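All values below were derived from every heavy atom in this structure, side-chain atoms included, with hydrogens, water molecules and symmetry-related copies excluded. Just so we're clear, the structure is a prediction, and the values are computed from it rather than from any experiment.
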Amino acid sequence: MTIAALPYLLLGLVAGLGIGLAFGAARNARLRQALAVKEAELGNRAAVEKERERALELATERLSGVFGQLASQQFQSHSETFLKLARESLSVQNERAKGDLAAREQAIDNLVKPIREALVRAERQMQELDKARRETHGSISAQLEALATSQQALSAETRNLVNALRRPEVRGQWGEITLRRLVELAGMVEHCDFVSQSHQPTETGAIRPDMVIRLPEGRELVVDVKTPLDAYLEATEAPGDAERRAALERHATIVAGRVRELASKSYWSQFERSPEFVILFIPGDQFLSAALAQKPDLLDEALRQNIILATPTSLVALLKAVAYGWQQTALTENAAEIRGLAVELYDRLTKFVGHLGSVGKSLSDSVRAYNATVGSLERRVLPSARRFTDLGVQPREPMPALKAIDDAMRDASGDAPDPTADDTRNDTGAP
């Protein structure tokens, strides 16, 4: 495009613009006219619409009244129907609920019944337990009272016993009684196994051991009882450790003195068949233990003096060993006697078997003689007697048949049959 053509272009644009404005103004005039017509139409339509709205409102009011009345009638009818149905349904539900309630009550009762019974049993058991507890409490109270009473009596008796044991003669009797009980417990009966209070004369006078135990093969064992309790009882009643220790040392010294005293008697030299030692019996393990606690070498010192210290425990073991020795001796003697009786019984059985053989031989001869007699009777006598019946004799009883003895006699030394049995059967043959 050139500069010379530019004015023409602008002129064309201005002309086009003017033409467009003219067409626009004419169109606007037509539009205003059409708008005025439309507005008039719209005014008429508005009046019509108002009439319509007024008619509609009247119709609506009438319809509302009619529909309200119909709705009220219908609601009343439906309400009555609903209430009737509700009453019927409620009645059915009530009947059903009553049945269900009875079933549930029965089911609950079945479930609760075992629990109720268990509770009743538990309550009964609790009552019984409470009764038993009260009875047991009363019994225990009575037993405790009896125990307290017996404890008091025991304390009194213990004090009396302690006071009695302080007397030498009572201590000696207690030791001898304990020794005798131990001997009886071990099976060493007095009349056969031990001798108590045996006197043995000596050059210095008669000595008397408390017990002499007889051993197998004529041996003897001397036992002497010592009961040194004064210092021991003082130790048990001592208020302090120093006094108790001093009393126990004095107790050990007294026991050692009893050992020396017994060793000086030399019982083994007075009893010829006694071993060279003597048993010193102390009737209580605690007495010897207390002395050994203060003098540990007391046992060795006693053994050097040919004295054996014994307490109930060790003496019972020793007596059991002696009783076992007597049992073995008795078994040996019984075995020798049994052997002699066996030899004598065998000799007697030998003679008896000989006599029995003679009896058997005599029986065999008797059997043969019997069979021969029966055979002779059958062959020679009975045939003639039977002819009487053929001749018309009517006997009162039929004649019994005699049978031969077929059992063979046996030899006394075995089961072999008698060789003469066949001959006997031949003698009893039929005629």
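- Remark: Arg96 engages no residue in a salt bridge (charged side-chain N to carboxylate O under 4.0 Å, His left out) (not counting sequence neighbours).
- With respect to the salt-bridge test (charged N to carboxylate O, under 4.0 angstrom), the residues Glu128 and Arg124 do not qualify.
- In terms of the side chain to side chain contact (heavy atoms under 4.5 Å, CB included) criterion, residue partners of Leu303 (sequence neighbours excluded) are, by chain and number, Ile308.
- Rounding to the nearest 0.5 Å places CG of Leu280 at 9.0 Å from CD of Glu261.
- In this view, Thr313 and Asp285 satisfy the side-chain hydrogen bond (donor to acceptor under 3.5 Å, both in side chains) rule, not counting sequence neighbours.
- When the salt bridge (charged side-chain N to carboxylate O under 4.0 Å, His left out) test is applied to Glu249, no partner is found at least two apart in sequence or on another chain.
- You'll find the side chain of Gln294 stays beyond 4.5 Å of the side chain of Arg250, heavy atoms only.
- Atom OG of Ser289 and atom CG of Leu248 lie 11.5 Å apart (nearest 0.5 Å).
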Show your working on side-chain hydrogen bond (donor to acceptor under 3.5 Å, both in side chains) between Ser364 and Arg368 and close with a plain yes or no.
-> CA-CA 6 Å; Ser364 178; Arg368 284 197 298 272; 3.0 Å; yes

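- Val212 and Glu220 get closest at one heavy-atom pair: CG1-CB, 3.9 Å.
- Here the CG atom belonging to Asp300 is positioned 11.5 Å from the NZ atom belonging to Lys295, to the nearest 0.5 angstrom.
- Of all the heavy atoms in Val225 and Pro283, the pair that sits closest is CG1-CD, 4.4 Å.
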Could you walk me through whether Leu221 and Leu318 pass side chain to side chain contact (heavy atoms under 4.5 Å, CB included), step by step?
-> CA-CA 11 Å; Leu221 187 60; Leu318 177 62; 4.0 Å; yes

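- Put simply, the side chain of Asp365 does not reach to within 4.5 Å of the side chain of Ser362, judged on heavy atoms.
- Every residue was checked against the side-chain hydrogen bond (donor to acceptor under 3.5 Å, both in side chains) condition with Asp297, not counting sequence neighbours, and none meets it.
- Remark: the backbone N or O of Thr311 is paired with a side-chain donor or acceptor of Ser314 at under 3.5 angstrom.
- The two residues Pro312 and Leu182 make their nearest non-hydrogen contact at CA-CD1, 3.6 Å.
- Taking Lys113 as the reference, Arg116, Glu117 meet the side chain to side chain contact (heavy atoms under 4.5 Å, CB included) condition, with sequence neighbours excluded.
- Considering Leu341, Asp347, Leu345 as possible partners of Val343, the one that fulfils the side-chain contact (heavy atoms from CB on, under 4.5 Å) test is Asp347.
- For the residue pair Val222 and Val278, the shortest heavy atom distance occurs at O-CG1, 3.7 Å.
- Here the straight-line distance linking atom CE of Met126 with atom CG of Leu119 works out to 12.0 Å at 0.5 Å rounding.
- Remark: Lys226 engages Asp224 in a side-chain hydrogen bond (donor to acceptor under 3.5 Å, both in side chains) (not counting sequence neighbours).
- Every residue was checked against the side-chain hydrogen bond (donor to acceptor under 3.5 Å, both in side chains) condition with Arg339, not counting sequence neighbours, and none meets it.
- The side chain to side chain contact (heavy atoms under 4.5 Å, CB included) test applied to Gln151 returns Leu154, Ser155, not counting sequence neighbours.
- Take Glu333 and apply the salt bridge (charged side-chain N to carboxylate O under 4.0 Å, His left out) test, not counting sequence neighbours, and it matches no residue.
- From Arg260, atom CZ reaches atom CZ of Arg258 across 10.5 Å, with rounding to the nearest 0.5 Å.
- With sequence neighbours left out, Thr332 forms a side chain to side chain contact (heavy atoms under 4.5 Å, CB included) with no residue at all.
- Atom CG in Leu319 sits 9.0 Å away from atom CG in Leu185 (nearest 0.5 Å).
- Between Gln305 and Val259, some side-chain heavy-atom pair lies under the 4.5 Å cut-off.
- Taking 4.5 Å as the limit, some side-chain heavy atom of Thr178 sits within range of a side-chain heavy atom of Phe281.
- Nearest heavy-atom pair, Ala252 versus Ala291, reported as atom, atom and distance to 0.1 Å: CB-O, 3.7 Å.
- At least one donor-acceptor pair closer than 3.5 Å links the side chain of Ser150 to the backbone N or O of Leu147.
- The nearest pair of heavy atoms linking Pro228 to His251 is O-CE1, 3.1 Å.
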Would Leu331 and Thr329 count as a side chain to side chain contact (heavy atoms under 4.5 Å, CB included) if you check the C-alpha gap in whole Å, the side-chain angles of each, and the deciding distance to 0.1 Å?
-> CA-CA 5 Å; Leu331 289 176; Thr329 302; over 6 Å; no

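- For Phe287, the ring-ring contact (aromatic ring centres under 6.0 Å, His included) partners two or more places apart in sequence, or in a different chain, are Tyr232.
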